[in-house]
Every structure is written in C-alpha cells, then in structure tokens.
Protein chains: 2
Amino acid sequence: MTNIRDIAAEAGVSVATASRALTGKGRVSAATVERVRAIAQRHRFQPNEIARSLSSGRSHSLGLLVPDITNPFFPELMAGAESAAKARGQTILLTAALGADSAREDLSVLRARGVDGFIVVGNPFDSAEQLREAAGSRPLVVVDRSESVTDLSTVVTDHVEGAALAVRHLIELGHTRIAHISGPPGLDVTDLRVAGYERELRAAGLEPRVVDGDFTVESGAAAVRALLDGPAAPSAITTANDLAAIGAMNAVLARGGSVPGDLSIVGYDDIVLAALVHPGLTTVAQDIGELGARAVEELERQLTGDTDVRTVSLSTSLVERGTTGRAS
Amino acid sequence: MTNIRDIAAEAGVSVATASRALTGKGRVSAATVERVRAIAQRHRFQPNEIARSLSSGRSHSLGLLVPDITNPFFPELMAGAESAAKARGQTILLTAALGADSAREDLSVLRARGVDGFIVVGNPFDSAEQLREAAGSRPLVVVDRSESVTDLSTVVTDHVEGAALAVRHLIELGHTRIAHISGPPGLDVTDLRVAGYERELRAAGLEPRVVDGDFTVESGAAAVRALLDGPAAPSAITTANDLAAIGAMNAVLARGGSVPGDLSIVGYDDIVLAALVHPGLTTVAQDIGELGARAVEELERQLTGDTDVRTVSLSTSLVERGTTGRAS
DNA sequence: CTGTTAGCGCATTCAA
DNA sequence: TTGAATGCGCTAACAG
C-alpha cells in the first residue's frame, strides 16, 4: 500500500504539507495542491482511514442499530441510510439487536470502533436516559420514537395523522364498523396510531374498537379471526403495520372470505411487500428510505456542531390498492 | 474515555504488560493478569479498536458487499452474516452497490477502512480477476457465484439440484407442460437453474421451454402473460426466484385465473415473503441466512491463515405450500 | 505557505 | 515475567 509518505516524497514536500494538500484543510499553495493531488491520483492513493481516525478523532462512520433485520421495514430504512451516508462520505456500521442487553453491548462495540454517532431505530431500552448512556455521550438520532425521547433528536412520521388518514378513507367508502389491530400496547408508535384511529372515528360519531397485536403476520391473523368470529364483526380494519395487515388478509382468504368483499383492510408503512401481495394492499405510506436518509442528515448536522435537539417529522399519504372497497 | 494507560497506571505495571494481560498474548504472570483485568472491568475499559487496528494491522471487521438491499433476499443473507460475525467478534461494514463502477469504489472505501476481508454477494464485475483486483489482495469469499470464480472461495447452493427438485415435484403432480422463467441469461445462477430444469425435464421425456426473466416481480408477470397467451400454454412453471414467481402468480390472479387451478407455480429461494403471499408459495428453499453465516466462517478461516480455496455447497429442499396442485 | 515536532492508543519488538 | 522503546499512518499544533 502506498502511503502519504510516499506521496510526499515524490512531490518533494513534507508529509504535513501533503496531508494539507489532500484534505484541503490549512493553507497550501495552489501549485503544490495540484502537484500532490496529481501524484496521489496517479498512485490511486487512498488515505488509511484507520490512521486518519486515530489522529483526528473522527472516523466518518455511523453506527446503525436496528431491532430486527428480518422485518422488511428495517432493510428499507437501512438502504436509505446507507446511500445517504455514502453520499456524505460516511460508512455505516450495522448491528442488529433485539433486547436491551445485546443493544447495550452492540453500542459499546461500535463505540470502541469509533463511530462518530449513532442512529437507533426504536428504543431498545426502557428510557431515553439508558439509551443516551449506552451511546456514551456520542451524538444520537432516534428514528421512529417520539414521545419517550423528547430530549433527543428524532426522525418520525406523523402517526396520528397517518392513522386518521386510513380511517377517513374507510369512512368515505361508507364503512361504519371499523376496527383497529394495534401494535404492542405501550409503544409510542402503537399509542399514536391508536390515538389517530380513535380521534377520527369519534369525529365521525363511530365507536372505536381496538384489538392488540404485535406487528407480526401471525398477530394480524389471530386478531382478525377473533374479530370476525365475535359479535358485530367489522366491515373494515386498519392495522398498525403492513405485516399485520397481510396476516389479516391471509386469514380472511384462508377461511374462504374475500378481500375487500368481506373485509376492507388498510395497512401501514407501505413496505415493498405491500405492492406484491394480491390484491395489493391499500396502506398508509411513509417514505421508509427517507426516514433513514433524514436520520443520517440529522446526525451529520449534530456532528458539525449544531447541538439543537430537533424533531424531523415526515408526512404520510394513503396509497390505494386493492384491499379496500365500498361498504355493502 | 479511560485508556490502557490509565489501567496500567492503576495496576502499577507498564502499558505493555497491561496490553499483554488484556489480550492474552505474551507471557504474563497469572497474578498480574487477574489484577489488570479486574481493574479494566471495573472501569468498563474498552480498548480503542481504531488504535488496535492501526497497530496490529487487523481490524476485526469484514466488508460485506451486496448488489441490492431492497431485494428481500439480501437482507436475509445480511442478517445471517451479521450474527455470525458478531458471534466471532467481528463487525460488518455494509455497502450496497449495483454496478461495477460503484462496487469498485465501495470496495476501495472499505479497504481504506481496513476491513480484514470481503464477502461479496454475486460478482458485480465481468470476471473474477477484476473482483480480486478490486479487493486488493485481501481475503475474499464470494457468495452465490460458482462457475465464474473457480479460483476463489465460494459459498453456494446446488442450483442444478434445486431446480431439478422443483421439476420433479411438478412431474409427480402429473404436469407435462412445464415452463421455466429464468434469470438474466449468462449469469451462473440462471444457467445452472436452467440446466437443472432441462435435465430433469428431459429425463422424463418432456420438452423444456424457457422464457427469460431478470429476477424481478415484473419480469415474472410479463413472462407468464407471454406464456399463457401463446400456443400450448403450460400447466405449471418453475421460476428462477421467488420474486418472479410472485409476479407470475399475481399476473394469473389479475386476469381472473386461479393458482394453482390454472397454473402451478414453484419459486426459488424461500424468502420470508414466500410464506406471506396467499396462497403460500411452493418453493425451493435454500437457507439464506446460513449462506451469509458460512461465508463469514469461510472468510474467518482464510484470515487465520488457511489459504485453501474452498467451495462450500449448501443443500436445498422443496417447501410445499399452496401454489402447486395436481394437473387436471 | 511550509517544515518540524508531537501525539492519537495500542501492539510489539528488544532488552533486561 | 516485565519495562522501555518503536512504530502503525495520519493530523494538528507550533514555528519559521
């Protein structure tokens, strides 16, 4: 590997000057800059980032912690983060951790690797305080958690409005018995979406009805079975996420029912999968990749010295596909 | 941040001894090892990996290059690689690059970051030689390419046998007009699966029929439309991957047909999504996560000095779900 | 504008 | 078994 000493030697300057010419920091004559860079280019010189990190204290790498890589929501977010990071010369160090213990450990590993900051999707801990401590005073952006982390920068979508959007769509289609399959109770995202659902339903003079789920396909299926077998079965449902919606849809189809004939279904997230099932899932779309990209931007902002705590809120929209129809 | 000097000072030993006690390399008395480690633990000392890398020349990090993070196949593989790496104290540096140019650039960035080796999924270049050059003499394991990279360690599944498995299943169900929707022609994976398909079909005295696709949902849909609109429409198809199979299935359903009533469909890969569509997709399963995990293992083996070029071949199996039925 | 001098935090010689 | 010295490759302060 050719290093900066080789370049400096060939250019007939000191290593320090070569460094300045290459990084653009510090005053160097235009002539030497050009000469040094030309030589570097010819040698395909790539500064050793490890050495650079050790010396400068910045690694140009970002730690990304996601809860569950097999849930298709997260890869989409990762993709957005990865490409935004790449565009800014940053590299993503990826880690997936489900529980608080492994999250603590993983963050610690990433810290030892010198990441400049963290993007944490969801909060694996019980409190924002624990999360901040695990991040070890490094800049931190939380994605998709709002209420519980008021003193940290976050990137979120407007869950209340999104949930309301779904309900409004069903009401416009003439539905009056609209149930909601929620996420795990207590979670911000869950509560906000439930709140939006209830608000919009009550505004129309209708009675809310919430069945708890946990974002999984299975929970969606189980919830819908309970709903359809119970009294006053709904003609439409909104769900906490697309996975649950798909589970619900499969459960209806599995018992010979039809969607949207027997039940209209609205998902939430608009993961890629939503467009691939048949019929296509009507869902509340959030730009998942953008969520990741904006998190990178926010982190970058903090890394450049801006210490404001900010909440970036992205809008949502309804994507109509085939799982919703007029009430009969 | 507390560093090794602090630990050494508190233990009353030199930094060198502290380092030896912590890493376990070199002779140190059991007593001092214990003392140093106790102090380190009390301080929650985490050696700075950056410094360690610079000094030792090893970073304990692996570069993972995937072509397309939004194709659900790759996140599953990433998850397997990530957890295997974590279990071995390695960290994954992730990058996604579609074309050869960006792949070259990305590998270069990862190299500058000091990754100890690479796992490359597919070969973004025209030849194994270019890939090796882009990896810059660092150990390299290729996943899912076999033919074109005979002189590199690879982890693959037996595509020929997998494709044959699918055909055999359809033949057992009584189908005789069985078409195959392939991947992009020229790709190893494509050609091998086509070969397996043709071999098995010919063995049964049946005539093969291949329509080219490109692994996307759309290509599957287009191919199946062409097939059904043409003469001698098949009663069953095998596909190069699950995404194409799902596209095919949706195309049939979209025109009012039924699956498997009008067309039996077998996918390939068994991505998570395969179980989530309705009806569930019958498919040739490969353990995608295992593919990633084994790649990490192979790389690790090379990193520990074993320079044998090896090909790890994982087996496949048929998962019967709802998209295949008896020929009418 | 440029060169010299010091580290960054650790691993690894070489002596003792 | 331990310590002192050296260097990984680079950036950053300080002189000139």
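Residue numbers begin at 1 in each chain, while the letters A, B, ... track the order of the sequences.
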So, does [X] get its side chain near the phosphate of [N], meaning an N or O under 4.0 Å from OP1 or OP2?
X	N	answer
S56(B)	dA11(C)	no
S55(A)	dA12(D)	no
S19(B)	dA11(C)	yes
R52(A)	dG9(D)	no
T32(A)	dC1(C)	no

Subject >> Selected nucleotide, minimal atom distance to R20(A) side chain, candidates dC10(D), dG3(D), dT2(C) >> reply: dT2(C)

Original post:
Nearest to the side chain of S29(B) - dC8(C), dT1(D), dA11(C)?
Top reply: dT1(D)

Length of the [atom1]-[atom2] vector between [X] and [N], whole Å:
X	N	atom1	atom2	result
I50(B)	dC10(D)	CD1	P	14 Å
I4(B)	dT12(C)	CD1	P	11 Å
N48(A)	dC8(C)	CG	P	18 Å
Q46(A)	dG9(D)	CD	C1'	14 Å
K25(B)	dT13(C)	NZ	P	11 Å
F45(A)	dC10(D)	CZ	C1'	8 Å
L22(B)	dT12(C)	CG	C1'	15 Å
E49(A)	dC10(D)	CD	P	10 Å

**OP:** With DNA chain D as reference, determine whether A51(A) or V13(B) sits nearer its 5' end, using the nearest nucleotide of each.
**Re:** V13(B)

Subject >> Donor + acceptor pair across side chains of S61(A), R113(B) (<3.5 Å) >> reply: no

Original post:
Between E49(B) and S59(B), is any side-chain donor less than 3.5 angstrom from a side-chain acceptor?
Top reply: no

Original post:
What distance do R52(A) atom CZ and I4(A) atom CD1 have between them, rounded to the nearest 0.5 Å?
Top reply: 8.0 Å

Original post:
Closest nucleotide of DNA chain C for L54(B) versus for T17(B): which of these residues is on the 5' side?
Top reply: L54(B)

**OP:** With heavy atoms under 4.0 Å as the rule, sort S53(B) into base, sugar-phosphate or nothing.
**Re:** nothing

**OP:** Determine whether more than 12 heavy atoms belonging to other residues, nucleotides or ligands lie under 6.0 Å from atom CZ of R88(A).
**Re:** yes

Original post:
Under 6.0 Å from the CD atom of E290(A), do we count more than 12 heavy atoms belonging to anything else shown?
Top reply: yes

